[in-house]
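Below, read A as the first sequence line, B as the second, and so on, with proteins coming before strands; counting in each chain starts at 1.
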Amino acid sequence: MHDTTAHRVTRWALRLIVIGYLLFLVIWPVALVAAKTFANGLAPVIDALRQPEVIFAFQLTLSAAFWAVVINTIFGVGISVLLVRYTFPGRRALNAMVDLPLSVSPVVVGLALVLVYNGRTGWLGQGLEQAGLQVIYAPPGIIMATAFVSLPLVIREVVPVLQEIGTEQEQAARSLGASGLQTFARITLPAIKWGLLYGVVLSLARSLGEFGAVKIVSGGVAMRTQTATLLVEERYQQFGIVNSITAYTAAFILALIAVVALIIITSLRPGRGTSE
Amino acid sequence: MSIKIAGVGKRFGDFIALEDIDLDIATGELTALLGPSGGGKSTLLRIIAGLEVADSGSVEIEGVDATGLPAQKRNVGFVFQHYAAFRHLTVAGNVGFGLKIRKRPRKEIAARVNELLELVHLSQFADRLPAQLSGGQRQRMALARALAIEPTVLLLDEPFGALDANVRKELRAWLRRLHDEVHVTTVFVTHDQEEALDVADRIVVINQGRIEQVGPPDELYDHPTSEFVMSFLGPVTTLDGNLVRPHDLVIETHPFGDAFPGRIERFNRVGFEVRLDVRLIQDDVAPPVLVTLTRADATAKALEIGLSVWIAPVAGASQVRITTPVAPTADDLDVSSPASVPEPTFT
């Protein structure tokens with residue numbers, strides 16, 4: 001490779017900028033969380049994890065994230081197929097709407113959900129409450145808020161893959177006698193597998209970390225509707241070393257789960273852009 | 001009759017892709033749908049396969065009205081220009097797909113797949129992924145996959161269009177031999193007139209959504225009924241208001257019969273062939289007449305630029321009277337480089 005000095009300087013400058021940017025914005029702050037967590041050794045961390053509030057908060061977060069991801073996977077694939085394979089009036093509007101959760105503040109999402117689903121004045125909430133299903137200040141609301149904010153992640157991963165593979169494989173499968181469902185299960189799904197999995201992991205990471213929308217719809221009552229992120233906020237604002245260690249521990253675990261999931265999926269996934 | 005098409009029409013918005021098509025295709029025949037890009041031939045093939053729905057008319061396959069049948073119930077083998085290989089399945093998995101869908105016993109599938117891979121000379125690649133095959137191999141795999149379901153008819157949409165020239169020639173000779181062995185009713189779409197003339201039992205020329213002419217290759221070449229068919233099937237030149245093939249012209253250095261006098265304006269040798277532009281004396285505003293002859297012939301007659309010559313069509317030459325103001329030329333129709341223009345697909 002023929003390299004001029006100017007070229008080399010540019011390259012190193014670019015690298016420095018990128019590394020510096022990542023260092024000050026991501027790596028250093030996250031590392032500090034880890035450092036704070038283990039500042040007094042392992043014992044306080046284990047004590048923090050033994051608190052029933054912490055255990056409950058993580059259970060609630062995990063189950064809400066799980067259901068949100070399940071919902072987003074099913075609807076995400078459905079909407080992706082609809083967007084790519086069919087033309088219908090309003091398709092572009094739907095396409096734009098899918099990105100809404102990325103651009104609208106989660107707090108607004110939470111408020112909107114409260115307006116519709118609250119048990120006293122909400123449009124749907126009153127009927128649901130009479131039927132015995134409480135949405136707001138209860139797990140269903142938390143799941144809905146979480147699903148809403150992470151909806152685009154699956155779709156934005158799956159849509160480009162669907163566009164790239166085109167329709168010919170599906171048509172070939174149909175002409176070979178496969179029904180719509182067989183074609184989807186045997187041809188489409190394996191083709192979008194990695195995109196879908198990546199979307200699911202992103203969606204999971206986002207769901208674990210959701211704060212704003214959940215804060216509004218859940219009320220954040222400890223041992224009832226307090227998720228891990230809400231617990232972090234509550235403990236962080238209270239006095240005392242035990243509380244702050246608990247906050248850092250919960251934050252550290254949240255970050256750890258997301259990072260580990262991303263690392264696993266990235267290492268499993270075959271190189272992007274190459275056909276398997 | 002294996003395929004009976006009656007009154008089929010199809011529009012895409014304002015564009016008329018097909019207009020009132022009637023066509024019968026005999027059982028066991030190898031038929032080519034030939035025409036320029038965008039002429040509607042691929043659409044017709046896709047309508048036969050059930051991948052596209054006609055706006056009007058009916059399609060009958062082996063006596064069964066298939067007009068309303070979805071693709072998966074037509075038992076039609078379809079081969080795509082770009083192979084449509086199932087990327088995540090092995091070659092054997094691809095070929096066995098249709099049988100697996102039909103829930104055949106595993107042993108039977110394995111035996112049939114082996115037999116077909118043998119037929120298309122891909123036995124040693126059974127466990128590879130399509131990405132590890134060349135274009136020609138992928139297309140043979142696609143063909144085996146289509147044949148696996150023992151289709152009533154085999155449909156091929158520009159099957160060799162994405163391959164380079166040598167592989168294309170090789171594969172079409174191979175398709176001809178395969179058809180002679182398997183004898184399944186086959187329809188293939190092409191815009192390469194040489195491919196159609198070389199392979200097909202019968203050619204259907206389609207242009208602007210209509211059938212121009214149907215017949216065996218020789219008949220179409222020798223007795224075209226329209227200027228379009230004449231110029232699409234081979235090179236043409238204009239002499240005395242008629243379209244005539246440049247190799248059907250006799251050229252001499254002395255007057256003979258009703259020959260037209262002229263002067264050689266351009267002398268161009270391409271391999272074994274010599275191409276001459278002859279400017280007629282009686283009509284020097286018209287474009288020069290193109291004459292082709294063998295190099296040996298040209299040498300024997302000592303032809304060269306500037307020489308006075310006389311030209312006339314050979315006895316029995318196919319000629320079509322020009323009725324349109326400007327006759328299409330072979331160059332306009334781009335018959336010499338067919339692979340460059342992909343057929344637009346309407347999805």
request  = State, to 0.1 Å, how close B:K41 and B:P36 come at their nearest heavy-atom pair, and which atoms those are.
outcome  =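 Scanning both residues completely, I find the closest heavy atoms to be NZ-O, 3.2 Å.
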
task = For residues B:A146 and A:L176, report the shortest heavy-atom separation together with the two atoms involved.
result =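 Smallest heavy-atom distance, with atoms named: CA-CD2, 4.2 Å.
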
message = Side chains of B:K10 and B:I47, heavy atoms from C-beta outward: is any pair under 4.5 Å?
response =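 They are in side-chain contact.
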
inquiry  = Looking at chain A, which one of B:K73, B:K100, B:R145, B:Q132 has the largest number of heavy-atom pairs inside 4.5 Å, strictly under?
reply    =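 Among the listed options, the one with the most contacts to chain A is B:R145.
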
ask   = Quick one: of B:P70, B:P130, B:A84, who has the most non-hydrogen atom pairs under 4.5 Å with chain A?
value =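 With the most close heavy-atom pairs to chain A, the winner is B:A84.
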
Which bit of [X] comes within less than 4.5 Å of chain A, counting heavy atoms only: side chain, backbone, both or neither?
| X | value |
| --- | --- |
| B:A148 | neither |
| B:R74 | neither |
| B:F97 | side chain |

With a 3.5 Å cut-off and no angle check, do the side chains of [X] and [Y] form a donor-acceptor pair?
| X | Y | result |
| --- | --- | --- |
| A:N72 | A:S150 | yes |
| B:D192 | B:T190 | no |
| B:T152 | B:E62 | no |

key: Side chain, backbone, both or neither of A:T87 within contact of chain B (heavy atoms, under 4.5 Å)   =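 Answer is neither: A:T87 stays 4.5 Å or more from chain B.
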
inquiry  = If I measure from the heavy atoms of chain B, does A:Q169 come under 4.5 Å with its side chain, its backbone, both, or neither?
reply    =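 Both backbone and side chain.
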
